[in-house]
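To keep things clear, I will list the structure first and then write my remarks on it.
Starting from 1, each residue takes its place in the sequence as its number. This is a predicted model, so every value here is computed, not measured.
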Amino acid sequence: MLRVLCLTAVLMSAACHAFGSNLGKACSADQECLSDAVNWRCLETPGTGNPCVTDSSPHNTTCTCSPQQCEPLVWKPSTDKPKYLMIGDSISMGYRATVFGALDASYESVHAPGNNGNTNWGNRCINGWMPSPEQFDVVTFNFGLHDLAKDDQHVDVTTYGALLANITSTILAKVRPDTTVMWVSTTPVPTDPAEPLFPVRLEADVEAYNKAAAAAIARFPHVKTCDLFATVERTCGKGYSACNISKPGGPHYTPQGFALLGEAVAACIKNHASPPAAPPAPAALDVPQEAAAAFLFGVNTHYHQGLPGETEMLSKAFKIVRVDFTWEGIEKTKGEYNFTVYDGLLQELKAHGVRPYWILDYGNPLYDGGLSPHSTEAVDAFAKFAVAAASHFKGQGVIWELWNEPNGGFWKPVANATAYARLATAVGRAWEANGLGSEFLIGPAADGGWVGALQPNNWMYKVFELGVLKYFDAVSVHPYRSSTPETVIKDYATLRALIKQFNNGTELPIVSGEWGYSTCVWPCEPPNFTGHVNETLQAKYLARQWLSNRLADVSISIWYDWRDGCTNTTQRECMFGTVRAPYTGDATAPFKPKPAFDAALAIQAALDKAAQVTRINASTPETAPESDPNAFVVKLENDGTSPGLVSWLVQGAQYGTCDQVPSDQHEDCGFYGISEQECEKRGCCFQDPHAPGPQCFFRLRHSSAVVSFDLGDGSSTCFTTSDYLGRPLTTKVCAKQGHVELEASDGVVYLTAEN
């Protein structure tokens, strides 16, 4: 299901559809154009002759979101001296001569081209300013005066902090571990100047933006700070109106002032540029080697650099991120690999406590015409690419997956079990030969047809039969279905049996690498797919999916997808997200959540506290005293204590006739193209395929039932309750001699024992 990523050379867009979507949109500042990967600058509308900012009109609405090219650094060092890169606005351009002169004996220095503007500019252009980042021994950088100015480059303080963190992360990912990286604080502006500053800049804003910068930089202990704000304040005093080193009418300085600043920067570099200790590698996460090991719950994404605030929001609900690690994007010249994009992504994920799960996938035009590798040269080249990737990121806790859905449309030209097994064998052998046994390699990431593929002579059966399991640390599958999540439990049992059959009687962990439910609405194009629901049911299914996987000892559960791919609600592929497109432009709330996001927050919090989960037999009035297979009660335990329970009903019993179901309440009971006989076999209603809504739909169903169960401890424990979104309920449930009764529905209810 992971689609080809939408990339530009500079920045990932909010979603594929957002490319160019802001063109012509009226704006007054860059803040309003941030969500577009192409039209990211607020500029004078061509042909109007009106500048965006004037003394009388600081917010000229003739300005529009427009494209602008980044000027790359073109520089050929001419000496063997250490190299210094300066990045910054016109303040840095004013003091660079002093800095370069003071360091001339020790460094060969260069400034990024021109005035480097605001953080929007820096975030888009940083890659072009560092074409050979490994050559730099020192990098200093500054942004702020353009961000806080009340003009077309304005970026609010929250977004500024988020963008600055992205820039810092990118720089650190690109340079050597021993490179000195230094943030230079923004200099003051007069508090009550004799001549008004144009554009408007306020001293209170300088302090606020420096505070935001300090918070952003604090996330990166490897980065030093050179405090030019304090340098000016020591000379001019706090809150000055005029100063002999400051020019009137703007933020700039006299030659003496720039010399003072340059001397301060040179001193910072001299004091801090001895090679610092490399930042420690992140603590290796406990990779699940057995079914009973750590369990992780995460999400698929389609970005390699998050928009401001995006990864921070994601990390609140998801602890692991699955994304393509494309061969074509990394090896553009045979035998040469550029991991820069993923270096930055790793830093971004690490900063938010999110684990990377990267898919080694897809063809490369350099080999076999871009088809999936099948020639000896292409197979060997892919294995070398995989080894180079795992070696580069060794010890960083990356989970590596071999391909995405090779039993479906992502193996070109057609799925081929023998060809995939040959590739897996080549990668596995190269993995072992290069000492990568500690790196986690999984596969085959089979698509939603994997259950049928378990039959003899089908795709997965054949792959297993060809001996690939000895190279994998876990088996990954994509359990898509139109039925309820709980139906997967028996499918996992079938898969485990096949794994043991072809792995010398030994089990391997199972990973649910991709699985979700689309919230597209009728006609839900393309129609010949399954698994679309409304937003409420999507949220309920997310929690039940993760709980079903946990009950089945599935080590990793990855929901598809993080955010909707577009705003067209009839497009099935667009509507799998837990948050809505497009980007809001607000780094504190970058996307509007769907109920599924809140459901992920709630279930993640519940499962984080549970080292063990156990299903308790439960009955309903329809089955009592026998247990009801549709009634789930799960005890969550940690070190022998129970932090609580989770209960839900898979679905209430159906009742009534098909014509009693309102047309706007038709709930999908089968796939498009299902036969009338198969639909009725499911106990559901069938209608003409040309009629609105699903072709096969449920009759009316009871929405809830009383679920009864025993705790087995004879206690009178009372529980507070909350719903599937984590919202507290007024209902309190108390056991009577260990027996509990509660009203359950298709949304999970969390029960927390009172102290």
Can you tell me how far [atom2] of [Y] sits from [atom1] of [X], rounded to the nearest 0.5 angstrom?
X	Y	atom1	atom2	value
Leu164	Tyr209	CG	OH	12.0 Å
Ile399	Ile558	CD1	CD1	7.5 Å
His111	Thr140	NE2	OG1	7.5 Å
Thr235	Asn244	OG1	CG	8.0 Å
Met182	Ile217	CE	CD1	11.5 Å
Cys226	Ile269	SG	CD1	7.5 Å

Show the numbers, then the answer: is there a side-chain hydrogen bond (donor to acceptor under 3.5 Å, both in side chains) between Asn39 and Gln68? CA-CA 7 Å; Asn39 306 298; Gln68 186 154 341; over 6 Å; no

Looking at [X] and [Y], would you say the former's side chain and the latter's main chain have a donor-acceptor pair under 3.5 Å?
X	Y	result
His304	Asp324	yes
Thr333	Glu336	no
Glu401	Tyr357	no
Ser246	Cys243	no
Asp564	Arg580	no
Glu203	Val189	yes
His352	Thr311	no
Thr584	Pro590	yes
Lys83	Lys81	yes
Asn116	Trp121	no

Taking the six-membered ring for Trp, are the ring centroids of Tyr342 and Phe325 within less than 6.0 Å of each other? yes

Parallel, tilted or perpendicular, as decided by the 30° and 60° cut-offs, for the rings of [Y] and [X]:
X	Y	result
Tyr337	Phe385	tilted
Trp129	Phe143	parallel
Trp562	Phe591	perpendicular
Phe393	Trp400	tilted

With a 4.0 Å cut-off on N to O distance, would you call Asp152 and Arg41 a salt bridge?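 Looking at Asp152 and Arg41, the cut-off is met.
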
Glu207/Lys238 ion pair, N-O < 4.0 Å: yes

[X] side chain near [Y] side chain, heavy-atom distance below 4.5 Å:
X	Y	result
Ile359	Thr326	no
Ile91	Asn142	no
Thr187	Pro251	no
Thr179	Val138	no
Cys42	Thr64	no
Pro131	Leu73	yes
Ser109	Met86	no
Tyr160	Pro308	no

Closest non-hydrogen atom pair, [X] against [Y]:
X	Y	value
Val579	Pro593	CG1-CA, 3.9 Å
Gly309	Ala162	N-CB, 3.9 Å
Asp89	Asn115	CA-OD1, 3.3 Å
Pro72	Pro113	O-CG, 3.5 Å
Phe220	Thr168	CD1-CG2, 3.5 Å
Gly262	Val99	O-CG2, 3.3 Å

For Ser185, the option from Asp227, Thr231, Val232 that meets side-chain contact (heavy atoms from CB on, under 4.5 Å): Asp227

Step by step, work out the side-chain hydrogen bond (donor to acceptor under 3.5 Å, both in side chains) result for His302 and Asp561. CA-CA 9 Å; His302 298 276; Asp561 195 5; 3.0 Å; yes

Derivation of the side chain to side chain contact (heavy atoms under 4.5 Å, CB included) call for Tyr84 and Leu103: CA-CA 9 Å; Tyr84 165 41; Leu103 300 177; 3.9 Å; yes

side-chain hydrogen bond (donor to acceptor under 3.5 Å, both in side chains) for Thr588 and Asp586? Distances and angles first, verdict last. CA-CA 5 Å; Thr588 63; Asp586 179 359; 2.7 Å; yes

Check the side chains of [Y] and [X] for a donor-acceptor pair under 3.5 angstrom, ignoring hydrogens and angles.
X	Y	result
Gln31	Thr159	yes
Thr79	Glu108	yes
His146	Asp151	no
Asn127	Lys174	yes
Asp30	Asn120	yes
Gln305	Asn123	yes

Step by step, would you call Asp608 with Lys319 a salt bridge (charged side-chain N to carboxylate O under 4.0 Å, His left out)? CA-CA 10 Å; Asp608 273 351; Lys319 303 306 178 186; 5.2 Å; no

I would like to know whether Asn166 and Glu348 meet side chain to side chain contact (heavy atoms under 4.5 Å, CB included); could you show each step before the answer? CA-CA 7 Å; Asn166 279 352; Glu348 185 172 345; 4.3 Å; yes

Test Phe141 against Trp183 for side chain to side chain contact (heavy atoms under 4.5 Å, CB included), laying out the working first. CA-CA 5 Å; Phe141 63 110; Trp183 163 249; 3.6 Å; yes

May I ask you to check whether the SG atoms of Cys33 and Cys65 are separated by less than 2.5 Å? yes

After noting the C-alpha distance and the side-chain angles of Leu345 and Trp358, does the key distance pass the side chain to side chain contact (heavy atoms under 4.5 Å, CB included) rule? CA-CA 11 Å; Leu345 178 60; Trp358 291 344; 3.8 Å; yes

Residue Glu312 excluded, over 12 heavy atoms near CD under 6.0 Å: no

